[in-house]
Amino acid sequence: MEPPPHPSPVDSNVVDTQAVDTKAETKRPPAPWRRPLWIAVGVALGLAVLSMVSRDGGGIDLLNALVRFANFVVIPGISYGCQLGLGALGVTLIYAVMRFSDFAHADTMAFGAMGVILATRVLQGMGISAGPLPTALLALPFGILGAVTLALVFDRAVYRFYRRQRAAPVTFVIASIGAMFVTNGLVRLIIGPGDQRFADGDRFIIRVQTFKEMTGLSEGLALRTTHVITLVVAVMVVLGLFVFLNRTPLGKAMRAYADNEDLALLSGINPERVALWTWIIAATLATIAGTLYGLDKSFKPFTYFQLLLPIFASAIVGGIGKPLGAIAGGFVVAFSEIAFTYPYRKILGYLGFETDSLVQLLSTDYKFAVCFIILVVVLIWRPRGIFQGRVI
Amino acid sequence: MRMDTDTGMGRPFWLALAMAMALVAVGVLQSWNVAMAILNLQLISALMALGVNIQWGYGGLFNFGIMGFTALGGLAAVLVAMPPVAEAWAVGGRGMATAAVTMAGTAAAIWALHRLIKVKALRGPAMALVFVVGLALTRSFYSPSVAAIEAVDPSVTGFLGGLGLPIMVSWLAGGALAAAVAWVIGRITLGLQSDYLAIATLGISAALVAVLRNEDWLARGVKNVTTLPRPVPYEQDLQGQDWFVDLSVRVGMDPSLLSGIAVKALYALLFGSVLLVLFWLSHRALHSPWGRMMRAIRDNRDAAEAMGKDVTRRHLQVFVLGSAVVGIAGAMLVTLNGQFTPASYAPFRYTFLIWVMVIVGGSGNNGGAILGGFLIWFLWVQAEVGGPWLMTLLTSGLQEDAPLRQHLLNVAPHMRQLVMGCILLVVLRLSPRGLLPEPRGRHGLAQQRNGTEHS
């Protein structure tokens with residue numbers, strides 16, 4: 001190939017000004033943030049109008065409606081969104097680096113959570129507890145260790161072979177289905193297919209009754225320990241991950257490898273090291289997500305397998321390969337699932353619209369249908385997701 | 001890879017023979033009833049695997065929605081074979097028809113608005129308005145009718161019933177229903193690339209099954225339809241016949257045992273003939289110019305497109321055909337079970353297991369897919385039996401009531417997931433193109449047709 005002609009100084013000058021221009025353009029706040037802002041403003045205005053038109057005692061009723069909405073939609077939505085987001089983060093990282101959708105991820109979550117449960121049982125047996133917090137938080141490292149080991153075994157035994165062959169992504173997907181079967185079988189073999197509850201410590205930070213007494217409202221707001229823990233842990237993990245990806249040499253290497261494999265290889269990045277750390281991080285995230293989900297609801301292998309779809313939906317909605325997108329996608333999916341299947345009768349009653357119907361947009365059983373509808377809408381209108389991820 | 005290019009006739013023959021021997025061994029060692037039950041489900045699984053192979057092996061389409069099409073076939077069996085519930089039609093038929101008309105009207109109006117309004121700013125709000133009004137109108141007819149229908153003798157019917165036709169008709173209807181739905185789904189999703197298509201179809205199939213579970217007026221939802229008619233005589237009727245009792249005496253077998261085997265054999269005959277016909281058809285299709293075109297599209301989409309092949313249309317075609325085959329298998333499965341239980345449709349069993357069959361058997365090779373269906377179903381069933389047996393053996397050193405032993409024995413049937421995963425991974429590693437790989441290279445299909453031409 002002929003070397004490109006050397007640009008004259010004048011040319012380079014022109015190029016530079018253009019570069020500055022495009023930089024200035026990209027500095028504008030990204031579009032995806034603005035729309036939610038406007039929606040929030042619109043909702044707030046609507047509520048204000050509603051409170052004015054609603055009948056006697058409008059202010060109190062509006063508060064009641066808001067509290068009920070927060071109790072049944074916002075708080076569960078935030079914690080479910082965090083759990084989905086952490087799961088989707090793992091999927092999106094694996095996709096960014098290995099370039100395949102890991103169908104075994106939901107089962108890795110189950111495997112990690114299983115490790116946490118077993119360690120919790122041992123710790124409880126030894127009489128160790130974390131006081132008001134669930135013992136599972138102490139057991140987390142053991143679960144992470146188990147999940148990471150499993151992920152690395154799969155990488156060495158299965159994926160590395162195909163990576164070296166530079167096999168088609170489809171082969172990886174099929175191999176991940178094999179891994180899914182194996183992991184699922186292992187979880188069922190070790191802990192059984194039944195329901196496990198392992199949350200201990202204080203269940204509530206604010207009880208419904210206490211809240212009612214405190215505020216004098218007729219609606220109560222329950223703040224469960226698991227909700228707060230989910231939010232705090234998720235924020236910590238996500239911040240840690242972003243610092244890792246943006247500041248450390250290894251994180252930068254991973255991003256470079258994800259952006260352009262050949263270029264990264266040329267600059268001396270060791271692909272095996274990148275793969276190793278991707279699996280370690282993905283398995284850690286999966287364990288944390290699985291444990292938080294299990295603490296919040298309960299642990300059952302089949303339920304975890306069913307999380308696969310919402311997790312993929314979150315990753316795709318956010319833009320696959322984009323870590324920030326995975327979190328945003330998790331919240332979008334979680335809030336839509338809850339908002340579409342929540343019966344609004346009482347809330348509307350507070351606002352002055354008495355109805356006999358439940359005002360439930362969809363029956364609760366259509367949860368999965370909701371995330372599928374979001375998926376299709378996003379794929380048709382914005383195939384690269386909110387954050388302009390990759391097109392598979 | 002050298003050995004893969006030269007399979008000839010030997011390998012399929014020996015593998016099929018080994019499969020038959022294994023079935024005979026089950027018959028001798030366990031019981032012939034078990035062997036026949038396995039055979040029936042093997043035939044249905046093989047048909048499903050054939051359907052997946054048409055999509056994946058011929059067309060390279062990553063369809064993870066097999067479960068949905070299987071369930072649609074099952075729905076067709078209910079809608080065709082159950083007798084109509086006249087009372088339900090009387091109370092809710094008109095309302096449901098009106099709801100269907102308003103829904104279609106809304107869809108048509110939205111489509112028309114999409115076409116007619118050229119101003120972009122107006123189009124969205126107008127469409128949304130029509131959608132909301134149409135939805136409210138549809139629901140105002142739909143909800144009372146559903147309530148009325150489901151109130152009709154809810155413990156027995158509570159649904160609209162079917163057409164009351166022979167259940168064999170439903171096999172064709174199942175194929176047709178699955179094909180129709182596949183056409184719609186394909187129009188939406190086939191623009192997507194591999195992984196997206198897999199996830200989207202996985203989601204659609206979950207949504208489809210959710211609909212079947214919840215819409216009680218359609219097929220009783222989770223209350224199940226358990227009284228489906230049979231295409232073959234009942235065991236009790238056979239045992240009442242003089243000639244059958246005579247036969248059982250002559251064979252030297254208990255009449256109840258023999259009647260079970262005879263009924264299952266009749267099923268196997270029916271399923272086997274459907275499988276043979278569809279195998280022959282897909283074999284002819286694969287070896288026709290159409291099949292060569294499909295493989296060309298699969299192997300190099302861009303080149304095929306440059307040669308003027310309409311890739312999107314061909315993908316849609318192969319998606320519809322494969323789904324129809326799966327739908328037929330779904331209707332046959334419900335026929336065999338004699339009941340339609342929407343809650344039993346799980347992606348593990350009806351999507352991923354079928355995929356394991358195709359990958360292990362050999363994608364792109366119809367015989368391979370069928371062999372995979374037979375083999376994997378056999379192992380799936382036998383692992384459930386073999387797991388506890390192995391666990392008993394492994395834990396025989398432990399005390400009878402040791403908690404570990406009890407736990408291991410309890411969970412042993414779940415070993416089959418593990419076994420399936422290992423088989424898939426091992427085959428994918430050692431023989432990536434399956435046990436019966438698609439013929440390629442010197443002995444490949446194209447070369448056979450074109451003589452000794454070198455490319």
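First the proteins, then the strands, lettered A, B, ... as listed; each starts at 1.
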Inset, instruction - Could you tell me which portion of B:Phe352 (side chain, backbone, both or neither) has an atom closer than 4.5 angstrom to a non-hydrogen atom of chain A? - result: both

Legend entry - Contact class of A:Phe154 relative to chain B, heavy atoms under 4.5 angstrom: side chain

Legend entry - Rounded distance [0.5 Å steps], CG in B:Leu418 versus CG in A:Asn184: 10.0 Å

Inset, instruction - Applying side-chain contact (heavy atoms from CB on, under 4.5 Å), run through A:Leu189 and B:Met415 and close with a yes or a no. - result: CA-CA 7 Å; A:Leu189 268 189; B:Met415 257 177 77; 3.7 Å; yes

Legend entry - Interchain contact, A:Ala157 with chain B, by part (heavy-atom threshold 4.5 Å): backbone

Legend entry - Contact origin within A:Val173 toward chain B - heavy atom pairs under 4.5 Å: side chain

Legend entry - A:Pro193 to B:Val411 - nearest heavy-atom pair and separation: CD-CG1, 4.5 Å

Legend entry - Nearest-0.5 Å distance, CD1 of residue A:Ile177 to CG of residue B:Leu353: 11.5 Å

Inset, instruction - Please determine, among A:Ile190, A:Thr183, A:Val187, A:Thr171, the option with the most heavy-atom pairs under 4.5 Å with chain B. - result: A:Ile190

Inset, instruction - Answer whether the closest heavy-atom distance between the side chains of A:Phe181 and B:Leu425 falls below 4.5 Å. - result: no

Inset, instruction - Under 4.5 Å heavy-atom distance to chain B, tell me which part of A:Ile191 shows up: side chain, backbone, both or neither. - result: backbone

Inset, instruction - Tell me, for B:Leu428 versus chain A, whether the close heavy atoms (under 4.5 Å) come from the side chain, the backbone, both or neither. - result: both

Legend entry - Side-chain heavy atoms of A:Tyr366 within contact of B:Asn214, under 4.5 Å: yes

Inset, instruction - Could you tell me the separation between the CD1 atom of A:Ile174 and the OG atom of B:Ser363, rounded to the nearest 0.5 Å? - result: 7.0 Å

Inset, instruction - Identify which part of A:Leu309 has an atom lying under 4.5 Å from any heavy atom of chain B, answering side chain, backbone, both or neither. - result: side chain

Legend entry - Which portion of B:Leu424 sits near chain A, non-hydrogen atoms under 4.5 angstrom: side chain

Inset, instruction - Measure distances from A:Ala167 to the heavy atoms of chain B and classify the residue's part below 4.5 Å as side chain, backbone, both or neither. - result: neither

Inset, instruction - Side chain from CB out, backbone as N, CA, C, O: work out which of these in B:Arg416 comes under 4.5 Å of a heavy atom of chain A, or both, or neither. - result: neither

Inset, instruction - Could you check which of A:Phe302, A:Phe312, A:Phe161 has the highest count of heavy-atom pairs closer than 4.5 Å to chain B? - result: A:Phe161

Legend entry - Close aromatic pair by centroid cut-off 6.0 Å: A:Phe103 and B:Phe64: yes

Inset, instruction - Could you tell me whether the side chain of A:Phe305 reaches within less than 4.5 Å of the side chain of B:Pro347, counting heavy atoms only? - result: yes

Legend entry - Proximal component of B:Val356, with respect to chain A [non-hydrogen, under 4.5 Å]: side chain

Legend entry - Proximal component of B:Ile204, with respect to chain A [non-hydrogen, under 4.5 Å]: both

